[in-house]
2 protein chains.
Amino acid sequence: MERRKPGKAAKPTIADVAALAGVSVSAVSKVVNDRGGISAPTRKRVLDAAAKLRWSPSATAVALRGARTRAIGMVAGRSTDVLATDPHFTLLISGIERELAPADFGLLLHIVGEEPGAEERAYRRLAEERRVDGVILTESRIGDPRFELLRQLRLPAVLVGEPWREDPVASVGAEDQEAGLRDAVRHLLEWGHRRIAYVSGPEDRVHTVYRRRVFRSALAERGLRPWRVLVSDFSAQDAVAATRELLAADAAERPTAILFANDTMAVAGMNAARRLGFDVPGELSVLGHDDLPLGELVFPQLTTVAQDVEALGRAAAVEMFRLLDLPHSPPPAIRPPTLIPRESTGPVADGS
Amino acid sequence: MERRKPGKAAKPTIADVAALAGVSVSAVSKVVNDRGGISAPTRKRVLDAAAKLRWSPSATAVALRGARTRAIGMVAGRSTDVLATDPHFTLLISGIERELAPADFGLLLHIVGEEPGAEERAYRRLAEERRVDGVILTESRIGDPRFELLRQLRLPAVLVGEPWREDPVASVGAEDQEAGLRDAVRHLLEWGHRRIAYVSGPEDRVHTVYRRRVFRSALAERGLRPWRVLVSDFSAQDAVAATRELLAADAAERPTAILFANDTMAVAGMNAARRLGFDVPGELSVLGHDDLPLGELVFPQLTTVAQDVEALGRAAAVEMFRLLDLPHSPPPAIRPPTLIPRESTGPVADGS
DNA sequence: ATGAAAGCGCTAACAA
DNA sequence: TTGTTAGCGCTTTCAT
């Protein structure tokens, strides 16, 4: 019965199962794939044999057979540093996995540096070697070359977040992606702030541009304009520099509140301000974006805008299944970004 | 020449390349795999054809053929929460990828919850479906069942960090894993601290036990004993609770310094202390572990022990290649854990 | 130096 | 209801 040398119990194959169950391989195949045409007793014998042998179909063979690889790819083109400070990526992955795992899909991850071309090479390899059925992307950029590349490679793609205008790509995002930032601006206005500065992300990011627009329009509703807008690269150092620059002005010219593009920057900026002797929120209100756990740990706790990142991940996976014509769960509801008022924002000081 | 319907340029196969080059498929195979027996001109024509068709061997077919899947698996059995606060995992992955990518290996990631059995199921699937050539593990536990499971599954495994006594598993770690913590204790002693408390990680973690031992022995060198040792679950809430408990005592009974098992806990504990009205480091010194970027962002900046996590990841990947009998780079040097003195520790207060 | 052909483990069309 | 068989794209003897 054992075709293998004893002591060298190699991986069982469908043929071993068929032999043990006393049926043909196709019978086994039909059973595991729930094609009809199998009698109940046969079915049971096959299932028993498979269980006893601890066999499940080889993903490789199934993939080769022409079906799917049952793996989704993801490429992170970021420096380790940013990756380490910002759990955005981890949360996203965690959400994606939540959907992939039950469907027995894997997530193939590539973390490449920021060297030019590294990301493109990673996608090419994924496609040419046919390792994945599709890829999930984040952080769309203006004039993002990845969509065209993936179209050429015929790799199904889903973008998390907003595409640039008419970028031809499937994407997932909250219904009202702008809600949180708009609320944040109103929150500051209600507290009497009129000189509000914004430290935005890199210019080439789509969401940078979109958010800046929201910032302006939320202020415009009250007839105001951004006090100052600085562009940063998301790093803590940049946030510190920006904060110093903003606070270097005379009292009458200083912003009374600063909005940062993300929580890491907000925390860095907040501490820079405090080292400069400014009380937060007494003399300066600080607002972040993303609601990292970090925000609750610092003192004062950070007022921020929460994003439902995990739901975004799940939605992306569901959308991918839809693209691949696979059965999938209903798309999850994605909470719109929401203001989380905490301690780093407060009423504008008397003198200001 | 084109076997495909026009406009439907399906993925090229080795046969397409062979046809275009006017040679047999086996010739193409020999060229791409650098087996000998191919004349220079033939070789060139094959390479040209492959380039023109943008062909590379299908990973699936190669894997099926019996070679390797060229993928390494990793299973994270943690709640999303912890994953989001602690970039340890991300850094590790980033290090692993640095080695895998050049070798054209992929990293197949599974994030499973903490439900019992979820992790085991993930490993089983990885093995039974033959999706990966091996797996990399972290966070070894006392009596860790994973090693036996993986042995049964015949899945090569590499552990990052210290195995429990004679756990039969390949592992990578710094030469002197205890250096940092020992230095940290000395650092506190030099500043006059005598009542030093330790808030450790979960009891079932191997490193918890090892570190506690180091803590005790470093104190014993000076004839001292731990003031108090509390066990936590790594969460920020637990750190807050532990800190409150430690500070609730009378002045004479209160620790003058607290060591936390990781930075997240240290930051949470530090802020809990400050909310209680204690000055850090004036009245209480706080020490973390891991050197998360977070530590530099908070105020006061956190004194901590830095681990070379990325090097650990690279070392794990290299060790995996060694296990698989594959060519590999020399194992990277792993910096031993190092004390990073910053602002959260200082001399013990006069009154104490 | 080159090529023909046998599988790797599986699915699906076709026969029985 | 069940079994036989031809590939999926590739590597590898074994001829030539």
Side-chain angles (χ1 to χ4, degrees), chain A residues 3-4 9-47 49-50 53-70 104 125 127-133, chain B residues 3-4 9-47 49-50 53-70 104 125 127-133:
Chain A
R3 313 174 4 247
R4 323 285 183 172
K11 299 282 162 63
T13 76
I14 194 174
D16 299 322
V17 177
L20 181 57
V23 299
S24 71
V25 291
S26 60
V28 177
S29 174
K30 280 165 191 154
V31 169
V32 301
N33 293 295
D34 267 326
R35 304 262 174 290
I38 297 290
S39 68
T42 305
R43 191 182 146 75
K44 179 168 173 10
R45 296 201 353 262
V46 168
L47 257 17
L53 261 31
R54 291 195 168 295
W55 172 87
S56 24
S58 145
T60 323
V62 173
L64 179 56
R65 192 57 215 350
R68 334 212 84 110
T69 63
R70 302 192 83 79
D104 197 19
R125 254 178 36 202
E128 284 168 9
E129 299 179 355
R130 252 126 307 168
R131 271 175 180 278
V132 297
D133 296 327
Chain B
R3 313 177 1 249
R4 321 286 182 174
K11 301 280 163 63
T13 76
I14 194 175
D16 299 323
V17 177
L20 181 57
V23 299
S24 71
V25 292
S26 57
V28 177
S29 175
K30 280 164 190 154
V31 169
V32 299
N33 293 294
D34 266 327
R35 304 265 172 286
I38 297 291
S39 69
T42 305
R43 190 183 148 75
K44 179 167 173 9
R45 297 204 348 264
V46 167
L47 257 20
L53 261 31
R54 291 196 169 294
W55 172 86
S56 27
S58 144
T60 323
V62 174
L64 178 58
R65 190 61 214 355
R68 330 214 87 109
T69 63
R70 303 191 83 79
D104 196 19
R125 256 178 34 202
E128 284 169 8
E129 299 179 355
R130 253 127 305 169
R131 270 176 179 279
V132 298
D133 296 327

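Sequence lines set the chain letters: A, B, ... in the order given, protein chains first and strands last, and positions in each chain run from 1.
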Engineer: Return the minimal non-hydrogen interatomic distance between A:L53 and A:L20, and the atom names on each side.
Structural biologist: CD1-CD2, 3.7 Å
Engineer: From CZ of A:R45 over to C1' of D:dT2, roughly how many Å is that when rounded to an integer?
Structural biologist: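 Those two atoms, CZ and C1', are 11 Å apart.
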Engineer: Rounded to the nearest angstrom, tell me the gap between atom CD1 in A:I38 and atom P in C:dT11.
Structural biologist: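 After rounding, the gap between these two atoms is 13 Å.
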Engineer: For D:dG9 and B:S58 - does any side-chain N or O of the residue sit under 4.0 Å from the phosphate oxygens OP1/OP2?
Structural biologist: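 No, outside the criterion.
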Engineer: Base, sugar-phosphate alone, or nothing: which one does B:T60 contact when heavy atoms must sit under 4.0 Å apart?
Structural biologist: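 Nothing, no nucleic acid heavy atom in range.
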Engineer: Would you mind reading off the distance between A:W55 atom CH2 and C:dC10 atom C1', rounded to a whole angstrom?
Structural biologist: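 Value for this atom pair: 8 Å.
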Engineer: State which residues pass side-chain hydrogen bond (donor to acceptor under 3.5 Å, both in side chains) with A:T69; sequence neighbours excluded, sorted by chain then number.
Structural biologist: A:D133
Engineer: Considering just the side-chain nitrogens and oxygens of B:T42, establish if one lies under 4.0 Å of OP1 or OP2 belonging to C:dA1.
Structural biologist: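 For C:dA1, OP1/OP2 do not have a side-chain N/O of B:T42 under 4.0 Å.
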Engineer: Pick out the pairs of N or O atoms, protein on one side and nucleotides 5-8 of chain C on the other, that lie under 3.5 Å.
Structural biologist:
| residue | atom | partner | partner atom | Å |
| --- | --- | --- | --- | --- |
| C:dG7 | N2 | B:R65 | NE | 2.6 |

Engineer: B:R130: which residues meet the side chain to side chain contact (heavy atoms under 4.5 Å, CB included) condition with it, sequence neighbours left out?
Structural biologist: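 With neighbours one apart ignored, the set is A:K11.
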Engineer: Starting from the first five and the last five pairs of the helix from C:dA1-D:dT16 to C:dA16-D:dT1, work out the angle between the resulting helix axes, to 10 degrees.
Structural biologist: 50°
Engineer: Using the salt bridge (charged side-chain N to carboxylate O under 4.0 Å, His left out) criterion, which residues pair with A:R45? Sequence neighbours excluded.
Structural biologist: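 Not a single residue meets the salt bridge (charged side-chain N to carboxylate O under 4.0 Å, His left out) criterion with A:R45.
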Engineer: Could you tell me the separation between the NZ atom of B:K11 and the P atom of D:dC10, rounded to a whole number of Å?
Structural biologist: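 Atom NZ in B:K11 sits about 12 Å away from atom P in D:dC10.
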Engineer: Return the set of residues passing side chain to side chain contact (heavy atoms under 4.5 Å, CB included) with A:I14 (not counting sequence neighbours), or none when no residue passes.
Structural biologist: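 Side chain to side chain contact (heavy atoms under 4.5 Å, CB included) check on A:I14 returns A:V25, A:V28, A:S29, A:W55.
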Engineer: In whole angstroms, how far is the P atom of D:dG7 from the CD1 atom of B:I14?
Structural biologist: 18 Å
Engineer: Which pair of non-hydrogen atoms, one from A:I38 and one from A:T42, has the smallest distance, and what is that distance?
Structural biologist: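 Smallest heavy-atom distance, with atoms named: CG2-CB, 4.0 Å.
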Engineer: Which of residues 27-35 of chain B have a heavy atom under 4.0 Å from DNA chain D?
Structural biologist: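 Heavy-atom contacts with DNA chain D come from B:S29, B:N33, B:R35.
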Engineer: Under the salt bridge (charged side-chain N to carboxylate O under 4.0 Å, His left out) rule, collect the residues that match up with A:R65, sequence neighbours excluded.
Structural biologist: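 A:R65 satisfies salt bridge (charged side-chain N to carboxylate O under 4.0 Å, His left out) with no residue once adjacent residues are dropped.
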Engineer: Let me know the distance between CG of B:D16 and C1' of D:dG9, rounded to the nearest Å.
Structural biologist: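 Distance check: B:D16 CG to D:dG9 C1' gives 11 Å.
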Engineer: On DNA chain C, nearest-nucleotide positions of B:A40 versus B:R130: which is more 5'?
Structural biologist: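 Mapping each residue to its closest nucleotide by heavy atoms, the 5'-most match is B:A40.
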Engineer: Sequence neighbours left out, what pairs pass salt bridge (charged side-chain N to carboxylate O under 4.0 Å, His left out) with at least one residue falling in residues 27-44 of chain A?
Structural biologist: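 Passing the test, one end in residues 27-44 of chain A: A:D34-A:R43, A:K44-A:D48.
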Engineer: Check salt bridge (charged side-chain N to carboxylate O under 4.0 Å, His left out) between A:E128 and all other residues, then give those that pass, not counting sequence neighbours.
Structural biologist: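 For A:E128 there are no salt bridge (charged side-chain N to carboxylate O under 4.0 Å, His left out) partners, ignoring immediate neighbours.
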Engineer: Excluding sequence neighbours, so at least two apart, what forms side-chain hydrogen bond (donor to acceptor under 3.5 Å, both in side chains) with B:R70?
Structural biologist: none
